[in-house]
Amino acid sequence: MTDHFDVVIAGAGPAGAQCARDLAERDYDVLVLETENEDDFPRQSNKSTAGTFPSMMGAFGVPDDVVMNFTDSVVIESPNDHFAQTQPGAVLEFGDFKRFLVRDGREAGVEYRFDSRATAPITENGSVVGVRYNGDEEVRADVVVDATGPAAPLAKQLGVVDLERENQAIGIEWEMEGVEVDHPDYADLTDAMMLRLDHDLAPGGYSWIFHTGGDTAKVGLCYIQNEKYHSNKEGLSIDGFLEKWLDNDPRFADAEKLAGKQHRGSAHIQPPGSLSTDGFMAIGDTVPSIDPLWGEGIHKGMKSARAAAITADRCLTGRVDTSAEEMAIYDELWHRDVAPDAGVRLLMTHLLYYAPNDRYDRLMRDINAMDLDTLASVNNGNPRAIAKLLHREDLPLLRDFVRDDTEIVKVGLKDVIPFL
């Protein structure tokens, strides 16, 4: 007999595991399918820089013992300037964080099946009724959730998401020791999370140093693969760009990589299409969202998980109704609580990655002159606040986006233009 659960979730990352936790606390019968082997979970390749803020840890009950280092500030660097803001945060040990979510969910009653790769949705009469995994194995459920990240095997086959390679950002990171976090030529990064906008280091993206205590730090970079965002004249791979930074930045003169502590990943920076359909929702990096300045990808994924759990609870309470109309509650919650003004925020994010290096230095001057409330509004996608960061010299950049006629322009630029 085929197993049946209230909810089946594909993927045991932060979004999938958090959704399972929330549903188990409501006494639902939940199964999580995870591709990886439990003994190796999570693999080094399946990691995140894992910077977050107290709001995430408090909202989701994340314990302090999964934190590598509590930080006091965030820093943005340009090639010749920087901005620093007092902002308490935490750099998570991502593996410990993910294992905590799984352990806590199990204690609440979640069933986990590792070595279980979700391959296809099972549909009947146009509704999703289960998941096929490991080839020909099946499990049935009233609600199915895809939390597999960019792979998105269920969401893609259902036509719920269309993650385009031209919007994919790839990243690499090393945990390192011997990093001079308080070098006299740069901002003091002691107990700080730093993002650097510099096309010489990360064309079409950014690099980072997240202090993890003492002389150790997470050091990495990512960029959008689309050539629109960078002209890679050097023929370097992403590993090559990281090595270039490590070789030329004096903060790494005596630094060494920690064996086995390399992390790779990818995410898409694009507006979501649909988020749900009959009996189905997509969460986390399957429908990605980030803030323009601070990122906060983990927090966004966890919020989407909670929105999905609320939706499933409503659809399964009393008379079960998992029709597309009822599941669309998730879409409303996502756009309200996870990524309000998503189009404007994406426009700002893409413009940040697209602007030339000298524009980054002016950006530092602009945000240093801003009050913190306005800066927070920029990060939250407020069109009026974002317009304050744009100048006449940015018109060619905006025209480039208009010529491309991308969804980002349709959704975001029309909201910003009235304030220019």
Side-chain angles (χ1 to χ4, degrees), residues 9-21 32-54 56-71 89-108 110-117 147-151 170-177 179 191 193 208-222 242 256-267 283-286 288 290 295-302 304-305:
I9 301 169
Q18 179 57 45
C19 187
R21 288 175 77 205
V32 178
L33 303 173
E34 169 54 45
T35 299
E36 292 186 16
N37 180 287
E38 184 166 11
D39 291 340
D40 299 327
F41 179 80
R43 291 194 304 261
Q44 293 296 313
S45 61
N46 187 23
K47 292 244 183 170
S48 162
T49 301
T52 192
F53 297 106
M56 189 285 282
M57 297 188 66
F60 297 97
V62 178
D64 290 353
D65 58 10
V66 304
V67 176
M68 298 180 74
N69 188 37
F70 287 99
T71 54
V91 182
L92 305 179
E93 205 306 316
F94 199 55
D96 289 348
F97 171 55
K98 291 179 73 172
R99 286 186 287 268
F100 156 73
L101 294 174
V102 171
R103 183 174 63 251
D104 196 61
R106 273 180 165 160
E107 291 174 358
V110 178
E111 180 178 335
Y112 275 85
R113 294 181 189 171
F114 287 85
D115 291 311
S116 298
R117 180 183 295 275
T148 58
I170 56 174
I172 181 175
E173 171 187 89
W174 279 93
E175 293 182 32
M176 304 186 70
E177 62 182 0
V179 179
D191 297 328
M193 294 186 282
W208 62 83
I209 300 173
F210 282 14
H211 188 208
T212 52
D215 66 353
T216 67
K218 293 185 175 186
V219 179
L221 61 85
C222 68
L242 180 58
E256 296 183 356
K257 300 170 183 172
L258 297 176
K261 294 296 184 178
Q262 182 195 88
H263 314 140
R264 294 182 184 270
S266 68
I283 68 175
D285 283 342
T286 304
I290 59 173
E296 284 213 83
I298 293 174
H299 198 178
K300 299 299 180 188
M302 301 283 275
S304 73

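None of these values were measured; they are calculated from a predicted model.
In plain terms, the two heavy atoms of D96 and V66 that are nearest each other are O-CG1, 3.8 Å. Here the closest heavy-atom approach between residue V32 and residue G11 is recorded as CG1-O, 3.7 Å.
The side chain to side chain contact (heavy atoms under 4.5 Å, CB included) test with W174 singles out one residue from K218, K257, H263, E256, and that residue is K257.
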Discussion item. If you apply the rule side chain to side chain contact (heavy atoms under 4.5 Å, CB included), what do you find for R99 with F41, and how did you get there?
Written reply: CA-CA 8 Å; R99 286 186 287 268; F41 179 80; 4.2 Å; yes

Discussion item. Please evaluate residues Q262 and L242 with respect to the criterion side chain to side chain contact (heavy atoms under 4.5 Å, CB included), reporting the C-alpha separation (whole Å), side-chain torsions for both, the decisive distance (0.1 Å), and the verdict.
Written reply: CA-CA 12 Å; Q262 182 195 88; L242 180 58; over 6 Å; no

Fill in: Full working for side chain to side chain contact (heavy atoms under 4.5 Å, CB included) between V102 and E34
CA-CA 11 Å; V102 171; E34 169 54 45; over 6 Å; no

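No more than 12 heavy atoms of other residues, nucleotides or ligands lie within 6.0 Å of CZ in R117, so this atom counts as exposed by the packing criterion.
The CG atom of D65 lies 11.0 Å from the CD atom of E93; values are rounded to the nearest 0.5 Å. If you take CG on D64 and CG on L92, they are separated by 10.5 Å, rounding to the nearest 0.5 Å. With rounding to the nearest 0.5 Å, the separation of CG in L258 from CE in M176 is 8.0 Å. In this structure, the separation between OG1 on T71 and NE2 on H211 is 10.5 Å, given to the nearest 0.5 Å. Note that the CD1 atom of I9 and the OG1 atom of T148 stand 12.0 Å from one another [nearest 0.5 Å]. In this structure, CZ in F97 is found 9.0 Å from CZ in F60, a value given to the nearest 0.5 Å.
The main-chain N or O of K261 is never found under 3.5 Å from a side-chain atom of E175 such that the two would form a donor-acceptor pair. Between the side chain of T216 and the backbone N or O of E177, no donor-acceptor pair lies under 3.5 Å. Using a distance-only test at 3.5 Å, with no hydrogens or angles considered, a donor-acceptor pair links the side chain of T286 to the main chain of G149.
Taking 4.5 Å as the limit, every side-chain heavy atom of H299 sits out of range of all side-chain heavy atoms of F53. In this structure the side chain of Q18 never reaches within 4.5 angstrom of the side chain of I283, judged on heavy atoms.
Between F114 and Y112, the ring planes are parallel. Angles under 30° get that label, and only those over 60° would be called perpendicular.
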